[in-house]
Structures are given as C-alpha cells and as structure tokens.
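Numbering starts at 1 and runs along the sequence shown.
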Amino acid sequence: QVHLVESGGGSVQAGGSLRLSCVVSGDLSNRYCMGWFRQVPGMARERVVIIDTGGGTNYADAVKGRFTGSRDNGKNTMYLEMSSLRPEDTATYYCAADRGRAYGCRTTQSYYGYWGPGTQVTVSS
C-alpha cells in the first residue's frame with residue numbers, strides 16, 4: 001500500500017514563499033512519476049508540476065519561474081518551493097504518484113492513482 005502525505009501549507013501574503021513537502025511510504029522503489037496538483041473549490045484540479053524519477057520537471061505555465069519542484073529519492077520525499085506567491089495561487093495542494101511510469105511522465109491527473117490528503121495554501125493580497 002502506498003501512502004502520500006503533504007505538509008508545509010499555510011497562509012502567506014502576496015509575494016511571499018512557502019515550501020511544501022510530500023513523503024511517500026509503502027513503495028521505496030522511487031521508480032515512478034510524481035506530481036503536484038492544486039484545486040480551488042468549484043474548479044477542476046490542475047497540474048502544477050510533474051517530476052520524473054530522475055528529477056526532470058514539467059511545469060504549468062501559471063507557475064513557471066516562480067515554483068520549483070524537486071524530489072529526494074533517498075528520503076522518499078518530493079518538494080514544491082513556491083515563491084512570488086499570488087492570491088490566485090490559493091488552493092489545496094495535492095501530491096500524487098503514477099506508478100505506471102518512471103520517465104515520460106503523463107500530465108493528466110487521471111493517470112495518478114495515489115494521492116495525498118492535500119494541504120491548504122492561502123495567499124492574501
């Protein structure tokens with residue numbers, strides 16, 4: 001059984017920074033794609049960044065240049081460094097894993113079968 005748990009969410013003013021973490025347990029192979037997604041109530045969940053086993057990244061246009069995704073396979077942990085935060089970044093952030101791929105990661109959330117419970121990020125103006 002694979003479990004993902006996010007941490008690091010909180011409230012910050014516009015222009016501030018936060019660092020989210022996602023710890024994976026139950027599958028220590030680290031050979032799978034991972035991603036950060038976010039969702040606002042009433043809206044569809046959207047991709048933030050996808051990270052392959054080697055650390056290669058694929059960002060959504062809305063966060064390019066402001067967010068940095070990374071993973072430490074030795075610690076079974078994925079990170080999301082968020083800077084220059086904007087009120088429109090306010091959402092619940094989820095980490096997810098696609099154990100069907102290690103590279104050539106898919107960006108559609110339906111392929112990600114394992115999800116954390118989410119962590120809230122609130123950015124005030």
Side-chain angles (χ1 to χ4, degrees):
Q1 190 76 7
V2 177
H3 293 281
L4 291 78
V5 179
E6 306 94 342
S7 62
S11 297
V12 64
Q13 288 193 325
S17 300
L18 281 174
R19 186 197 201 201
L20 306 184
S21 299
C22 172
V23 177
V24 182
S25 60
D27 180 348
L28 303 183
S29 72
N30 291 305
R31 291 195 60 79
Y32 43 82
C33 293
M34 295 193 71
W36 287 100
F37 296 80
R38 65 186 183 184
Q39 186 171 26
V40 175
M43 304 289 285
R45 191 175 299 184
E46 63 178 9
R47 170 181 61 95
V48 176
V49 60
I50 303 298
I51 309 173
D52 67 27
T53 294
T57 53
N58 181 337
Y59 293 94
D61 289 343
V63 305
K64 280 181 181 177
R66 300 188 300 120
F67 290 12
T68 302
S70 62
R71 59 194 288 177
D72 184 335
N73 290 336
K75 296 182 178 179
N76 298 302
T77 303
M78 180 175 66
Y79 304 97
L80 183 66
E81 299 271 4
M82 304 184 293
S83 61
S84 301
L85 282 161
R86 305 167 180 168
E88 55 263 39
D89 294 318
T90 295
T92 301
Y93 284 71
Y94 300 89
C95 65
D98 174 5
R99 297 175 73 196
R101 293 277 182 95
Y103 295 94
C105 299
R106 296 170 284 202
T107 59
T108 304
Q109 60 170 311
S110 60
Y111 290 105
Y112 290 75
Y114 299 90
W115 293 83
T119 186
Q120 178 66 35
V121 171
T122 302
V123 184
S124 58
S125 57

Checklist entry - Can W115 be reached from I50 by stepping across I, L, V, M, F, W or Y side chains whose heavy atoms are under 4.5 Å apart? => result yes

Item to check | NZ or CZ of R101 within 45° of Y111 ring axis and under 6.0 Å | outcome: no

Checklist entry - What are the two closest non-hydrogen atoms of L4 and M34, and how far apart are they? => result CD2-CE, 4.0 Å

Checklist entry - Got V121 and R38 here, is their nearest side-chain heavy-atom distance under 4.5 Å? => result no

Checklist entry - Do the charged groups of R86 and D89 touch, with an N to O distance under 4.0 Å? => result no

Checklist entry - Can you hop from I51 to Y93 via hydrophobic side chains spaced under 4.5 Å? => result yes

Item to check | Stepwise side-chain contact (heavy atoms from CB on, under 4.5 Å) test for T57 and F67 | outcome: CA-CA 11 Å; T57 53; F67 290 12; over 6 Å; no

Checklist entry - What pair of heavy atoms forms the shortest contact from S84 to S17, and how long is it? => result N-OG, 4.5 Å

Checklist outcome for this item: Here the gap from T122 atom OG1 to L85 atom CG, rounded to the nearest 0.5 Å, amounts to 10.5 Å

Checklist entry - Shared ILVMFWY cluster between V23 and V48, side chains joined below 4.5 angstrom? => result no

Checklist entry - What's the spacing between R47 CZ and W36 CH2 if we round to 0.5 Å? => result 15.5 Å

Checklist entry - Is there side-chain contact between R45 and Y94, with at least one heavy-atom pair below 4.5 Å? => result yes

Checklist entry - Do the side chain of N73 and the main chain of N76 share a donor and acceptor less than 3.5 angstrom apart? => result no

Next on the checklist: Within 45 degrees of the ring normal and closer than 6.0 Å to the centroid, is that where the cationic atom of R71 sits relative to Y32?
Outcome noted: yes

Next on the checklist: Could you check whether any side-chain heavy atom of V24 comes within less than 4.5 Å of a side-chain heavy atom of V2, counting everything from C-beta outward?
Outcome noted: yes

Checklist entry - Do the non-hydrogen side-chain atoms of F37 and T92 ever get within less than 4.5 Å of each other? => result no

Item to check | Closest non-hydrogen atom pair, S125 against P87 | outcome: CB-CG, 3.9 Å

Checklist entry - Mind checking whether M82 and V63 have side chains closer than 4.5 Å, heavy atoms only? => result no

Item to check | Shortest non-hydrogen contact between Y103 and G54, atoms and distance | outcome: CE2-N, 3.5 Å

Checklist outcome for this item: Across all chains, not counting sequence neighbours, the side chain to side chain donor-acceptor pair (under 3.5 Å) partners of R19 are E81

Item to check | Identified side-chain contact (heavy atoms from CB on, under 4.5 Å) counterpart of Y79 within the set C95, S21, C22 | outcome: S21

Checklist entry - Under 4.5 Å between side-chain heavy atoms, hopping through other hydrophobics if needed: is there a path connecting Y59 to L20? => result yes

